[in-house]
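First comes the structure, then the notes that go with it.
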Amino acid sequence: PRTGMRTFKVEVISGTVVVSSSTVEAALPFKAAERHAQKPVTLRRQENEWIRVTELNGEHRMFAYTVRHSAQPSSS
C-alpha cells in the first residue's frame with residue numbers, strides 16, 4: 001500500500017444481509033466507505049441500510065457508517 005494508506009474491507013449491509021463488498025485502500029475508514037458508496041457518509045445510528053468498514057491490517061477495528069442524505073427542510 002502507498003504511504004499513509006490502509007486496506008479496509010467495505011460491506012454494504014441491508015438489515016443483516018451483505019449486499020455488496022469490496023477491498024478499498026484509503027487513509028481513513030470513512031474515506032473507504034465513501035469510495036465504495038460513491039456518496040458522502042456519516043456515522044451509523046440505527047439505520048437498517050449501513051456500511052461496515054473493517055481494517056484488514058493493524059487492530060482489525062470495525063466502523064459503521066450510513067450514506068448521508070441531504071437534510072430535508074422541516075415542514076413545521
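Hydrogens, waters and symmetry mates are skipped; everything else that's a heavy atom, side chains included, is used. For the single chain, residues carry numbers from 1 onward in sequence order. Just so it is clear, the model here is predicted, and its values are computed rather than measured.
A pairwise comparison of heavy atoms in E25 and M5 identifies O-CE, 3.7 Å as the closest pair. V53 and A33 get closest at one heavy-atom pair: CG2-CB, 3.8 Å. Heavy atoms only, all atoms of each residue included: A32 and F8 are closest at CB-CD1, 3.7 Å.
In the hydrophobic cluster analysis, where Ile, Leu, Val, Met, Phe, Trp and Tyr join through side-chain heavy atoms closer than 4.5 angstrom, V18 is grouped together with W50. Each of I13 and I51 belongs to its own hydrophobic cluster when Ile, Leu, Val, Met, Phe, Trp and Tyr are linked at side-chain heavy-atom distances under 4.5 angstrom. One hydrophobic cluster, built from ILVMFWY side chains closer than 4.5 Å, holds both V41 and L28.
To the nearest 0.5 Å, the span separating CG on L43 from OH on Y65 amounts to 6.0 Å.
Residues in residues 8-21 take part in these side chain to side chain donor-acceptor pair (under 3.5 Å) pairs, two or more places apart or across chains: E11-R52, S14-E49, S20-H36.
Residues P29 and R6 are in side-chain contact: their nearest non-hydrogen atoms beyond the backbone lie under 4.5 Å apart.
Without hydrogens or angle criteria, R45 side chain to T66 main chain gives no donor-acceptor distance under 3.5 Å.
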Could you go through the side-chain contact (heavy atoms from CB on, under 4.5 Å) check for F63 and F30 one step at a time? CA-CA 8 Å; F63 304 87; F30 85 91; over 6 Å; no
